[in-house]
Amino acid sequence: MKIWFVPFYFCYFAANFRINSPKTLNMSKNLVIVESPAKAKTIEKFLGKEYQVMSSFGHIRDLAEKGIGIDFENNYKPDYIVSTDKKKVVSELKKATKLAETIWLASDEDREGEAIAWHLYDELKLKPENTKRIVFHEITKDAILNAIENPRSIDIHLVDAQQARRVLDRIVGFELSPVLWRKVKPSLSAGRVQSVAVRLIVERERDINQFVAESAYKVTATFKTNDANGQPVELKADLQQRFAEKQEAMAFLEKCKKAAFTIESISTKPTKKSPAPPFTTSTLQQEAARKLGFSVAQTMMVAQRLYESGNITYMRTDSVNLSSLAINTCKAEIISMAGQKYVHTRKFNTKTKGAQEAHEAIRPTYMNAHTIEGTNQEKKLYELIWKRTIASQMSDAELEKTTINISVSGSEYPFIASGEVIVFDGFLKVYLESTDEENDAESESLLPSLRENEKLTYIEIAAQQRFTQKPARYSEASLVRKLEELGIGRPSTYAPTISTIQNRTYVEKGDRQPEKRDFSYLKLKNDKISDSIKSENTGAEKSKLFPSDIGIVVSDFLTEYFPDILNYNFTADVEKEFDLIADGKIKWTKSIDKFYKKFHPIVEDTLKNSERQSGERILGTDPVSGRQLSVKIGKFGPLAQIGTSEEEEKPVFASLRKDQSIENITMEEALELFKLPRQLGEFEGKVMTVAIGRFGPYIRHDASFYSLPKTDDPMEISMERAVEIIENKREEEKNRVISILGENGEIQVLNGRYGAYFTCNKINYKIPKGIEATDLTFEKCTQLMAAQPDAGIKKKGFTKKGAGGKKTSKK
DNA sequence: CAGTGAGCGAGCTTCCGCTTGACTT
């Protein structure tokens with residue numbers, strides 16, 4: 001039945017198998033080991049028959065998963081074991097090493113890569129006399145041949161820096177998480193990276209809640225005059241000054257009634273715009289989110305496919321560097337496309353904190369391929385990468401910025417009109433980087449050609465009350481940018497980290513509906529000033545990260561008891577320590593010992609002395625019962641509670657709605673929650689109750705549930721309307737079953753939300769166009785089922801797994 | 001597919017960073 005999947009997996013597996021299967025028939029003298037199978041495939045082509053290239057698939061060993069995997073009694077000795085999913089790879093590699101004369105360890109040239117080389121050396125029991133360590137940052141024939149000419153030995157100090165990194169992360173994660181299990185809720189997690197990511201989101205939310213908007217009046221004018229050729233033209237200009245108070249704005253408009261408007265000066269200034277550097281993982285994630293609307297995980301999934309199909313270079317990188325080969329092919333491409341004057345080759349420097357630059361920037365493998373074959377998403381992402389890469393080697397754009405200064409007689413404040421003209425488009429011909437702040441869409445355009453001292457008359461002048469903007473919530477991509485800026489996390493972990501904090505429900509991705517806000521609007525026209533109130537929508541957000549109540553409680557708790565770990569500079573500081581280890585200036589175990597001696601007592605102390613955290617907030621007293629009203633996190637999420645458990649009378653509970661938070665729910669809103677469930681009256685002798693459940697508002701009647709449409713308010717709904725909803729649903733139910741087929745009725749033909757379908761063994765099947773649902777027979781259905789082998793199978797997801805469970809070994 | 005907020009208290013959960021994996025709740 002699932003035979004359709006086989007060809008895909010088979011090809012995939014066969015390809016990898018070929019790469020990693022020892023060529024026993026033409027025994028190669030040389031065995032090269034790299035990290036990625038796609039890379040192995042490419043390199044093998046460059047090296048010829050004397051070399052066999054295999055892949056380690058990343059790290060082959062890690063700290064033991066059971067327990068902490070560190071021997072504290074024995075100077076922090078790590079307990080390394082081969083990961084279960086790497087056992088096969090390791091045994092294949094072992095076989096191959098026995099047959100080779102020389103083994104070349106060619107893992108990446110960074111801390112993790114060096115450690116991979118060392119683990120291979122150790123686990124495969126290689127001998128120093130025939131093992132060589134080589135590195136290259138770009139996958140070109142020259143670079144690889146050059147590397148082979150210049151082998152070195154494993155840099156044990158760099159390996160030690162990685163061991164320190166690994167052990168530190170294990171200690172932090174595996175000592176902090178159990179504190180949360182005891183003090184907040186089981187199964188929670190904390191770590192050097194994820195906890196700081198959550199803190200950023202929690203603090204941003206606080207900034208937003210505490211934000212008080214200020215307003216000022218912005219004055220804009222439309223003038224008319226004649227241009228240099230005597231043609232009538234209009235000109236828009238803004239007043240430089242903003243007025244804090246309405247009276248000031250009003251007074252200014254009053255002045256304008258009789259004022260003379262004169263062009264005092266016109267200045268033009270040439271400016272330049274330079275292209276952005278080629279993509280790194282983080283900038284690719286940001287641009288794909290802004291330009292294509294991809295989530296961070298989606299971008300990485302599509303990029304992975306582009307990499308595997310050989311269309312782009314490696315997609316997990318922090319480097320903006322391009323190989324000289326790539327720069328040259330860009331140049332050739334630009335010349336043939338646009339001409340020599342569009343070429344301006346550049347070397348970009350990586351400014352990112354903690355960047356390790358083991359790879360090139362993300363770029364197309366072949367610059368002459370402007371597009372590629374593939375899915376729509378693959379094409380779009382590829383074109384984005386192609387444009388960004390090409391643009392990075394193109395000339396600056398030359399612009400001319402014109403500023404017209406207009407004086408107002410009787411006032412010290414001038415109006416300014418400005419416009420921008422592109423004199424030479426340069427890289428803009430291909431690509432312009434987007435920004436997060438798209439609202440300032442007042443695109444500057446060409447201004448009419450005017451003369452100094454010209455007099456203008458106004459058509460209208462308006463003073464509009466404008467408010468300062470709340471800070472924006474993080475999106476997935478802007479959080480990645482912030483983490484990168486702080487040097488926290490690595491290209492390979494940005495997407496998984498974003499998934500982890502969502503899977504642990506610390507953070508939720510969601511939208512915020514806009515709110516209406518009134519502003520006052522003064523307008524001067526025909527020497528009359530009108531004063532009106534208008535309204536605008538504000539605060540709408542889409543796909544942004546919101547902290548949950550549990551996220552807030554956990555973050556506050558950790559920040560209070562472990563301020564050092566939650567400090568935004570913690571990672572940057574330990575990175576400095578790791579650099580000292582890598583330089584051989586300090587032993588890694590000593591560095592860890594210093595940390596642990598300070599950290600562990602705080603863990604012990606917190607376990608002993610801190611209170612259980614429920615995020616409880618007392619809102620006041622219930623006016624009806626006189627008992628205490630509070631909110632806190634309960635076993636099933638945030639709740640409101642009247643009374644306390646100490647009192648004799650048991651407390652009354654009500655769940656918070658999804659859009660409410662312990663942090664800022666008001667007493668009135670909390671009391672509202674207790675008005676449900678509400679008895680509506682009787683129908684057919686049975687009580688109707690209205691309430692809000694997990695799936696929204698519903699009516700309960702005679703043990704059946706009836707969902708309320710969005711248009712009905714559970715607080716307001718009338719008895720008549722409720723009866724109508726119940727009868728509608730019954731009617732639908734009656735029409736749901738079209739026919740029942742088979743001897744035991746194993747197939748049912750039904751009416752659903754999207755039309756007719758049939759179901760068998762809890763799997764739903766489509767009815768193809770042209771077939772009437774009423775004409776279906778048992779035989780026909782069996783045929784249709786055979787034709788839909790993958791019905792009921794969920795689409796494969798990459799996101800959730802990467803973050804959470806990879807416990808493939810467990811039963 | 002719907003309202004819970006807890007009792008004997010077993011035995012479990014968890015990190016970050018490399019890589020790609022592959023038959024279901």
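The chains referred to below are lettered A, B, ... by the order of the sequence lines, with proteins before strands, and numbering in each begins at 1.
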Please determine if a side-chain N or O atom of [X] lies less than 4.0 Å away from the OP1 or OP2 oxygen of [N].
X: A:T493; N: B:dG17; result: yes
X: A:Q162; N: B:dG17; result: no
X: A:S177; N: B:dT13; result: no
X: A:S189; N: B:dT13; result: no
X: A:R490; N: B:dC18; result: yes
X: A:R316; N: B:dT20; result: yes
X: A:R192; N: B:dG17; result: yes
X: A:S492; N: B:dC18; result: yes
X: A:R504; N: B:dC15; result: yes

Is the backbone N or O of A:R192 less than 3.5 Å from a side-chain atom of A:S195, with the two atoms forming a donor-acceptor pair by type?
->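 Answer holds: no.
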State plainly whether the residues A:E575 and A:K353 are in salt-bridge range, i.e. N to O under 4.0 Å.
->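 The answer is no: the pair does not qualify as a salt bridge.
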Under-4.0 Å salt bridge between A:D573 and A:K576 |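 Yes, A:D573 and A:K576 are salt-bridged.
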Distance, rounded to the nearest Å, where [X] contributes [atom1] and [N] contributes [atom2]:
X: A:K632; N: B:dT4; atom1: NZ; atom2: P; value: 14 Å
X: A:D318; N: B:dC18; atom1: CG; atom2: C1'; value: 14 Å
X: A:R61; N: B:dG17; atom1: CZ; atom2: P; value: 20 Å
X: A:E575; N: B:dG17; atom1: CD; atom2: C1'; value: 12 Å
X: A:I116; N: B:dG17; atom1: CD1; atom2: C1'; value: 9 Å
X: A:L188; N: B:dC15; atom1: CG; atom2: C1'; value: 14 Å
X: A:L656; N: B:dG5; atom1: CG; atom2: C1'; value: 13 Å
X: A:K729; N: B:dC1; atom1: NZ; atom2: P; value: 12 Å

Parallel, tilted or perpendicular for A:H119 and A:H59, by the 30°/60° rule?
->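 Perpendicular: the ring planes of A:H119 and A:H59 meet at over 60°.
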Using a 4.0 Å heavy-atom cut-off, does [X] contact any base of the nucleic acid, only the sugar-phosphate backbone, or nothing at all?
X: A:R166; answer: base
X: A:Q641; answer: nothing
X: A:G113; answer: nothing
X: A:A115; answer: nothing
X: A:P651; answer: nothing
X: A:R170; answer: base
X: A:G58; answer: base
X: A:I171; answer: nothing
X: A:S645; answer: nothing

On DNA chain B, check which nucleotide each of A:Y314 and A:G634 is closest to and give me the residue with the more 5' one.
->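 Nearest-nucleotide comparison on DNA chain B picks A:G634.
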Closer to the 5' end of DNA chain B via nearest nucleotide, is it A:V690 or A:V193?
->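 The 5'-side residue here is A:V690.
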Where the side chain of [X] is defined as all heavy atoms beyond and including C-beta, which of [options] is the nearest nucleotide?
X: A:S707; options: B:dG17, B:dC18, B:dA2; result: B:dA2
X: A:E112; options: B:dC15, B:dG17, B:dT19; result: B:dG17
X: A:M315; options: B:dG17, B:dC16, B:dT20; result: B:dT20
X: A:K86; options: B:dC15, B:dC18, B:dA2; result: B:dC18
X: A:R165; options: B:dA2, B:dG17, B:dT4; result: B:dG17

Passing candidate, side chain to side chain contact (heavy atoms under 4.5 Å, CB included) with A:I550, options A:L180, A:T505, A:V198 =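 Between A:I550 and the candidates, side chain to side chain contact (heavy atoms under 4.5 Å, CB included) is satisfied uniquely by A:T505.
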Is A:W181 stacked on the base of B:dT13 when the test is centres under 5.5 angstrom and planes under 30 degrees?
->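 Yes, aromatic ring over the base.
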Under 5.5 Å and under 30°: A:F174 stacked on B:dT14 =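 Here A:F174 meets both the 5.5 Å and the 30° conditions.
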Please determine, by modelled atom types, if A:T759 and A:Q748 share a side-chain donor-acceptor pair under 3.5 angstrom.
->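 No, A:Q748 and A:T759 have no side-chain donor paired with an acceptor closer than 3.5 Å.
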Can you tell if the side chain of A:S309 reaches within under 4.5 Å of the side chain of A:Y307, non-hydrogen atoms only?
->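 Not in contact.
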Report the C-alpha distance between A:K41 and A:E308 in whole Å, list the side-chain angles of each, state the deciding distance to 0.1 Å, and finish with yes or no for salt bridge (charged side-chain N to carboxylate O under 4.0 Å, His left out).
-> CA-CA 10 Å; A:K41 210 160 109 188; A:E308 283 169 4; over 6 Å; no
